[in-house]
Amino acid sequence: MTPATAPAMTWTERGTSTYRRTSIALFLAGFVTFTLVYDVQPLLPEFATDFQVSAATSSLALSVTTAALAIAILCAGAGSEMFGRRGLMFASMCVASLLNIAQAIVPDWQSLLVIRALEGIVLGGVPAVAMAYLAEEIHPKGLGLTMGLYVGGTAFGGMAGRVLSGIIAEYTSWRWSLGIIGAIDLLMTFAFIVLLPPSRNFERQLKFDAGYHLQAWAGHLKHSGLPYVFMIGGLSMGAFVTVYNYAAFRLVGPPYELNQTQLGAIFAVYLFGIVASSTAGAMVDRVGRGPVLITGLAIMLAGIAATLLHPLFWVITGIALVTIGFFVSHSVASGWVGRMAANTKGHAASLYLLAYYTGSSIAGWVGGWFWAVEGWLAVAAFTGLLIAGALAAGLHLARTHPG
């Protein structure tokens, strides 16, 4: 069975009320997903102390979630072709929020990891489906901005999850922190379903056809440009998560010795990511994807270099630059997937996010080995090599797929 030719599209035009509702709803989807994934990141030193585990082992609280998310995204991308985009995103966000609340009462480290993995599995119903929904519903001339706003929601969620969890843990405990964030996200989920319009261009598959899905994934992997976009997503995300994971360990130790509130406040540099992703989306519509993508990756490299300087000001500046560069490159790359994929956009999005979260899981964990052996210098070298690889792929795309 070959993928059906898409019918004429009924696009949502930029500037309409439907466009605004869609943008706000997808911003909320990004917010909920990324608060739930990353609220544990500033708590990793707390886990290491509370459960008596190493830095690399404590990072599994994040890595098992993103690893499960990477696998689940493939299934969610295929499942959404049968069950629809809107309902699947809503169900995923509800269950994941409840699981986050359940983490507040786990008795041991193993139970926490199991729930974190389950949360990753159910959250697979959001990212790939959100990207496919936007690519199907929003007019191409407005897609860059809307995708940028969605990525901005992920940035705001990532920041809110990190900042709130650090502040709440400082005054209560990490258990209260995770429970409160789960409750907030549950409320946001109901706002999402009220705002998001039903799909108008979605073509439902009446039954699960393994051959159809395998053919769709294989077609995208044979594409002349998409595998390079997937590579950029995996390498840049791996570097980004590694910097954040081990910056926490660096900054709670000497000579900085920051407390949880101060550490959480540093993650407010995510605000730069929100602005950068929205700006990048608008710039793509004007100057093209290649130049904006390469600029974002170059900013990431500059940020990694800045973190090698000793004063706290330069460390924070470096983290801010890494954040800006990452969200610029991710906003461009994620939007590029929808433009390059002629059909089965959900499958293309799921492959991008498989690479994206696999990079997060593996690099975020492996970075702990570098931290244990040679501290921050080794972490910076490792992440710099990842970004150099992404930059090489970006330069290739800029030459072969301009626009």
Side-chain angles (χ1 to χ4, degrees), residues 3 6 9 22-23 25-27 29-30 33-34 37 66 68-89 92-93 120-138 140 143-144 146-154 196 199 201-205 212-223 225-234 236-237 277 281 284 289 293 327 329-360 397 401:
M9 295 290 191
T22 301
S23 298
L26 269 296
F27 183 92
T33 303
F34 277 72
V37 171
T66 52
L69 183 58
I71 297 168
I73 279 169
L74 284 179
C75 301
S80 71
E81 301 291 339
M82 294 176 60
F83 304 115
R85 316 292 194 201
R86 186 169 174 267
L88 183 58
M89 286 190 281
S92 297
M93 291 158 65
I121 290 170
V122 298
L123 279 175
V126 182
V129 179
M131 290 171 62
Y133 178 95
L134 288 175
E136 289 170 346
E137 302 299 321
I138 303 298
L143 180 59
T146 311
M147 189 67 76
L149 289 171
Y150 165 66
V151 175
T154 72
L196 188 68
S199 298
N201 297 319
F202 171 69
E203 186 178 358
R204 187 184 303 274
Q205 299 296 319
Y212 164 77
H213 296 297
L214 291 173
Q215 184 179 7
W217 284 320
H220 294 312
L221 290 173
K222 293 175 184 176
H223 190 278
L226 281 171
Y228 291 95
V229 184
F230 303 156
M231 184 186 304
I232 291 166
S236 60
M237 180 59 164
S277 60
V284 161
R289 291 170 173 78
L293 174 66
F327 279 102
S329 60
H330 173 46
S331 177
V332 176
S334 57
W336 215 339
V337 171
R339 291 289 289 158
M340 280 189 184
N343 47 36
T344 60
K345 295 179 186 292
H347 290 80
S350 68
L351 286 174
Y352 172 78
L353 291 166
L354 173 65
Y356 181 83
Y357 289 112
T358 299
S360 169
L397 280 175
H401 292 77

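Between Leu69 and Gly124 the shortest heavy-atom distance is CD1-N, 3.3 Å. For the residue pair Tyr352 and Phe230, the shortest heavy atom distance occurs at CA-CD2, 3.4 Å. Nearest heavy-atom pair across Leu351 and His220 is CD1-CB, 3.8 Å. Of all non-hydrogen atoms in Gly120 and Ala72, the two that sit nearest each other are O-CB, 4.1 Å. Residues Leu134 and Thr22 come closest through the heavy atom pair CD2-CG2, 4.0 Å. The nearest pair of heavy atoms linking Val337 to Val229 is CG2-CG1, 3.7 Å.
In this structure, Tyr357 OH and Thr66 OG1 are separated by 8.5 Å, a value rounded to the nearest 0.5 Å. Going from atom OG of Ser334 over to atom CG of Leu353 covers 8.0 Å, rounded to the nearest 0.5 Å. With rounding to the nearest 0.5 angstrom, the CG atom of Leu293 is 10.5 Å from the OG atom of Ser331. In this structure, CE in Met231 is found 11.5 Å from OG in Ser236, a value given to the nearest 0.5 Å.
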**Item:** Tyr228/His223 under side-chain hydrogen bond (donor to acceptor under 3.5 Å, both in side chains): CA gap, chis, key distance, verdict
**Value:** CA-CA 9 Å; Tyr228 291 95; His223 190 278; over 6 Å; no
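Residues Leu226 and Trp336 fail the side-chain proximity criterion, which asks for heavy atoms closer than 4.5 Å. In this structure, the side chains of Ile232 and Leu397 come closer than 4.5 Å at one or more pairs of heavy atoms.
Of the possible polar contacts, one joining the Arg86 side chain to the Leu196 backbone as a donor-acceptor pair under 3.5 Å is found. At least one donor-acceptor pair closer than 3.5 Å links the side chain of Ser92 to the backbone N or O of Val122. At distances below 3.5 Å, not a single donor-acceptor pair connects side-chain atoms of Thr33 with backbone N or O atoms of Gly30.
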